[in-house]
Number of protein chains: 2
Amino acid sequence: MESSSTTPGGSARREATRQKLYEAAVTLIAEQGFSATTVDEIAERAGVAKGTVYYNFASKSVLFEELLRHGVGLLTASLREAAERTAGEGRGKVDALDAMIRAGLVFIDRYPAFTQLYVAELWRTNRAWNSTLLVVRQQAVAVVEGVLHEGVATGELSEEIDVPLTAAALVGMVLVAALDWKSFQPERTLDDVHAALSRLLQGRVSGRP
Amino acid sequence: MESSSTTPGGSARREATRQKLYEAAVTLIAEQGFSATTVDEIAERAGVAKGTVYYNFASKSVLFEELLRHGVGLLTASLREAAERTAGEGRGKVDALDAMIRAGLVFIDRYPAFTQLYVAELWRTNRAWNSTLLVVRQQAVAVVEGVLHEGVATGELSEEIDVPLTAAALVGMVLVAALDWKSFQPERTLDDVHAALSRLLQGRVSGRP
DNA sequence: TTCTTTGAACTGACTGGTCAGTGCAAAAGT
DNA sequence: ACTTTTGCACTGACCAGTCAGTTCAAAGAA
């Protein structure tokens with residue numbers, strides 16, 4: 001059922017080639033942007049002939065779209081897993097949000113290039129892969145919104161919060177803090193960054209009495 | 001001896017042309033990205049011949065760099081003004097942060113395309129204007145960091161907060177929430193969005209007892 | 001006032017290079 | 001047998017940047 005539209009019966013070899021191409025493309029596009037990255041570069045970095053790129057993907061844009069789907073799929077699964085894990089442990093929704101923040105940080109730590117590329121493309125309009133992007137964004141944000149809704153329902157979160165906006169704000173908080181971490185203070189530990197964001201989430205910014 | 005990059009003695013006419021080029025470039029690049037936007041497009045949208053672009057700017061990249069400097073200059077001024085205004089009114093640092101959040105929203109409301117373009121480029125490496133971007137980013141973030149530092153000094157904010165990370169997280173919160181607002185729920189009012197972010201800043205997310 | 005000069009500002013056709021995508025025969029892998 | 005990859009030559013569109021020539025407002029000359 002799963003597996004994307006254009007991956008009907010990928011042999012193991014083919015799948016390995018695709019993976020190499022994803023990895024090559026993601027770093028190059030993160031650094032330079034989609035248009036500034038050439039297919040020749042991608043092929044070279046992947047250690048593959050140019051013809052192979054076109055044997056495996058219909059076009060440069062399609063390669064990129066599938067890359068987006070693939071990456072956001074990983075992120076969504078990771079967020080969902082974090083939310084469900086804390087739920088299973090019978091902890092509150094704020095803990096679930098905190099766990100999702102951590103999951104987000106772990107993801108960005110592992111795939112910084114993908115994150116960068118995703119942010120760079122997310123608010124662009126007029127591009128070929130725009131509809132793909134919308135779908136894929138909704139998948140990820142929906143997980144956060146879901147937890148917020150549940151929190152409001154159980155009374156753990158204020159009824160007055162604006163779910164979509166708060167979800168976006170939380171995602172932004174994690175995204176930007178993490179990208180800053182990776183770009184400008186890579187020596188910091190994940191725990192460090194997580195602690196700072198937890199504090200913000202739980203309103204422990206003001207000084208104690 | 002060209003007139004150097006920083007526009008020392010631009011005539012009124014020249015300045016008007018530059019302004020038109022900025023406006024044309026900012027929307028096109030926000031929509032399509034830098035590399036996907038052609039100089040011909042920029043010239044056409046500005047109602048100017050291609051040669052004029054090169055008469056006014058040394059290259060496409062230089063046009064873009066000056067655009068970045070120009071835009072971030074406006075933002076920084078606006079943030080600083082908000083911080084100083086609340087300080088003058090003798091209010092606390094949390095109020096100053098809140099005022100800066102609003103100033104950020106007002107800016108994004110007025111210049112959504114610039115914001116979009118800025119976010120898309122901010123974490124890219126290996127690009128010509130990278131050093132410009134670093135400088136310009138630091139200017140803006142420094143204003144937020146300054147207020148956080150003052151808040152810690154006066155005891156109004158916890159000593160345990162991590163100033164650079166918290167500043168980045170706050171910026172991210174505003175940036176992403178605002179871009180989402182503009183892209184996906186443009187019917188919302190600024191006050192609405194501001195209220196949601198205020199709540200998050202002040203830890204009023206958990207339900208009341 | 002009316003004419004002339006000056007140079008900054010602007011124009012757009014043109015050039016040289018780049019790049020996505022193609023085609024295909026031979027090789028390698030399964 | 002068949003799928004997949006290779007290597008490489010080729011094309012056609014597209015695009016950053018150039019440059020010889022044009023416009024025009026304003027300063028000065030008559």
Side-chain angles (χ1 to χ4, degrees), chain A residues 3 6-26 28-29 31-68 121 126-129, chain B residues 1-29 31-68 117 121 126-129:
Chain A
S3 111
T6 19
T7 317
S11 72
R13 180 148 85 123
R14 236 187 138 168
E15 207 44 59
T17 308
R18 284 185 132 103
Q19 195 62 40
K20 280 195 291 183
L21 285 168
Y22 283 155
E23 272 159 33
V26 81
L28 287 168
I29 296 178
E31 281 168 6
Q32 306 177 325
F34 176 82
S35 306
T37 302
T38 68
V39 174
D40 291 276
E41 276 178 311
I42 295 173
E44 190 189 351
R45 163 105 43 130
V48 139
K50 187 179 183 177
T52 305
V53 176
Y54 284 93
Y55 183 77
N56 282 282
F57 298 96
S59 68
K60 185 186 172 188
S61 309
V62 168
L63 162 57
F64 184 58
E65 274 185 69
E66 302 210 358
L67 178 57
L68 281 175
E121 291 297 331
N126 297 358
R127 305 224 76 174
W129 50 83
Chain B
M1 296 332 130
E2 241 302 309
S3 71
S4 81
S5 49
T6 27
T7 323
S11 74
R13 191 180 174 197
R14 219 177 157 173
E15 206 45 57
T17 307
R18 285 184 131 104
Q19 195 62 39
K20 280 194 292 182
L21 285 169
Y22 282 154
E23 271 158 33
V26 81
T27 53
L28 287 168
I29 297 179
E31 281 168 5
Q32 306 177 322
F34 175 82
S35 306
T37 301
T38 68
V39 174
D40 289 277
E41 277 177 310
I42 295 173
E44 190 190 350
R45 165 106 40 132
V48 138
K50 186 179 191 175
T52 305
V53 176
Y54 286 94
Y55 182 77
N56 283 282
F57 299 96
S59 68
K60 187 184 171 189
S61 310
V62 167
L63 162 57
F64 184 58
E65 274 184 68
E66 301 210 359
L67 179 57
L68 280 175
L117 159 174
E121 290 298 332
N126 298 354
R127 307 225 77 174
W129 50 83

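Order of the sequence lines fixes the chain letters, A, B, ..., with proteins taken first and strands second; residue numbering starts at 1 for each chain.
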Per-nucleotide protein contact along nucleotides 25-30 of chain C, 5' to 3', at a 4.0 Å heavy-atom cut-off (B base, S sugar-phosphate only, - neither), is ----SS

Each nucleotide of nucleotides 14-21 of chain C classed B (base within 4.0 Å of a protein heavy atom), S (only sugar-phosphate) or -, in 5' to 3' order, makes -----SBB

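The CD-P distance, from B:E44 to C:dG12, rounds to 12 Å in whole Å. Distance B:F57 CZ to C:dC10 P: 11 Å, rounded to the nearest Å. Rounding to whole angstrom units, CD of residue A:E15 and P of D:dT3 are separated by 17 Å. Atom CD1 in B:I29 sits about 14 Å away from atom P in D:dC15, given to the nearest Å. Across the protein-nucleic acid pair, A:R14 atom CZ and D:dT3 atom P stand 11 Å apart, rounded to whole Å.
Aromatic ring orientation, A:F64 versus A:W129: perpendicular (interplanar angle above 60°, classes split at 30° and 60°).
Taking side-chain N and O atoms only, B:Y55 has a distance below 4.0 Å to OP1 or OP2 of C:dA9. For B:N56 and C:dA8, the shortest distance from a side-chain N or O to OP1 or OP2 is not below 4.0 Å.
In terms of modelled atom types and a separation under 3.5 Å, the side chain of B:K60 and the main chain of B:F34 share a donor-acceptor contact.
Considering only residues two or more places apart in sequence or on other chains, B:Q32 meets the side chain to side chain contact (heavy atoms under 4.5 Å, CB included) condition with B:L28, B:A36, B:T37, B:E41. Remark: B:K50 pairs with B:D40 by the side-chain hydrogen bond (donor to acceptor under 3.5 Å, both in side chains) rule, at least two apart or across chains. Among residues two or more places apart in sequence or in another chain, the side chain to side chain contact (heavy atoms under 4.5 Å, CB included) test is passed with A:A24 by A:I42, A:R45, A:A46. Checked against ring-ring contact (aromatic ring centres under 6.0 Å, His included), A:Y54 has no partners two or more places apart in sequence or in another chain. For A:S35, the side-chain hydrogen bond (donor to acceptor under 3.5 Å, both in side chains) partners are A:R127, not counting sequence neighbours. Residues that satisfy the salt bridge (Lys or Arg N to Asp or Glu O under 4.0 Å) test with B:E121, not counting sequence neighbours, are B:R124.
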